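Only one structure is covered here, and it is reproduced in the block below.
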Amino acid sequence: MPLSTKLQKEIAKVLTALAPGIPFADAEAVTSHAAARHLRSFPPGISVWLSLVAHVRHEHTDYETLLADGYDIESARHFVIDEINAVLTNWRASRLVADEDIA
C-alpha cells in the first residue's frame, strides 16, 4: 500500500516542529522510518518521536558498539542517553529522552 500524501505531510510537519534543526539526510531517514508499516497504527507524533530517537541512537551514538561489546539493550540505551540528548539539543528538539523512557 503506497504511503498517502496526507500522512507524508503530517509526518514532515511533526518532525519540523519536533526537531527544526535536523539535517536533511537525517530528516529523510526519520521520515521514511516513521512511515514504515509497523508504525502506521500510531499517530504521527508518536511514530516520528520513536523514529527520531531510534535514528539518533543507531546513527549518532556508540549504541551499536555497546551491544557488540555485550551490553544488554537496556544498559546500552542508558549509556547513550546523554549522546542522544546532545544530538537532539543540537537539532533544537522540543523534547529530550529521559532515563525512564528507555525501559
Side-chain angles (χ1 to χ4, degrees):
M1 172 187 233
L3 186 62
S4 74
T5 302
K6 181 182 176 191
L7 180 58
Q8 288 173 324
K9 286 181 181 179
E10 288 176 24
I11 288 171
K13 183 179 178 181
V14 169
L15 182 57
T16 300
L18 184 60
I22 188 171
F24 181 77
D26 292 296
E28 287 288 307
V30 171
T31 299
S32 176
H33 188 260
R37 182 173 299 270
H38 68 284
L39 292 174
R40 286 189 198 165
S41 62
F42 294 108
I46 293 173
S47 64
V48 169
W49 174 248
L50 294 173
S51 298
L52 178 63
V53 172
H55 174 75
V56 172
R57 181 174 54 240
H58 288 277
E59 300 298 325
H60 297 279
T61 72
D62 293 329
Y63 179 72
E64 298 288 340
T65 303
L66 291 170
L67 291 177
D69 288 345
Y71 286 89
D72 62 87
I73 291 171
E74 190 173 320
S75 296
R77 287 180 177 186
H78 169 77
F79 288 121
V80 298
I81 286 178
D82 290 339
E83 290 177 81
I84 292 170
N85 285 334
V87 171
L88 292 174
T89 299
N90 188 44
W91 293 349
R92 300 186 324 271
S94 59
R95 180 177 175 187
L96 299 177
V97 177
D99 207 28
E100 58 270 10
D101 294 336
I102 63 169

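For the numbers below, each heavy atom of this structure counts, side chains included, while hydrogens, waters and symmetry mates do not. The shown structure was predicted, so the numbers you read here are calculated from the model rather than taken from an experiment.
Side-chain N/O atoms of T65 and D62 include no donor and acceptor closer than 3.5 Å.
The hydrophobic clustering, which links ILVMFWY residues whose side-chain heavy atoms are closer than 4.5 Å, places L50 and V97 apart. Both L7 and L52 belong to a single network of hydrophobic side chains, linked directly or stepwise wherever heavy atoms of I, L, V, M, F, W or Y lie under 4.5 Å apart. Under a hydrophobic clustering in which Ile, Leu, Val, Met, Phe, Trp and Tyr are joined whenever their side-chain heavy atoms come within less than 4.5 Å, directly or via other members, L39 and V14 fall into different clusters. Side-chain heavy atoms closer than 4.5 Å link hydrophobic residues (I, L, V, M, F, W, Y) into clusters, and following such links, possibly through other members, connects V56 to L96. Cluster annotation: I84 and L66 are assigned to the same hydrophobic cluster (Ile/Leu/Val/Met/Phe/Trp/Tyr, side-chain heavy-atom contacts under 4.5 Å, transitive).
Using a 30° and 60° split on the angle between ring planes, W91 and H55 fall in the parallel class, below 30°.
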Checklist entry - Taking it one step at a time, do E59 and E64 satisfy side-chain contact (heavy atoms from CB on, under 4.5 Å)? => result CA-CA 9 Å; E59 300 298 325; E64 298 288 340; over 6 Å; no
Checklist entry - Are D99 and H78 close enough, and set up right, to give a side-chain contact (heavy atoms from CB on, under 4.5 Å), and what steps lead you there? => result CA-CA 7 Å; D99 207 28; H78 169 77; 2.9 Å; yes
Item to check | Full working for side-chain contact (heavy atoms from CB on, under 4.5 Å) between D26 and H60 | outcome: CA-CA 10 Å; D26 292 296; H60 297 279; 2.9 Å; yes
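The distance from the CD1 atom of I73 to the OH atom of Y63 is 4.5 Å, given to the nearest 0.5 Å.
A donor-acceptor pair under 3.5 Å is absent between the side-chain atoms of T31 and the main chain of E28, judged by distance alone.
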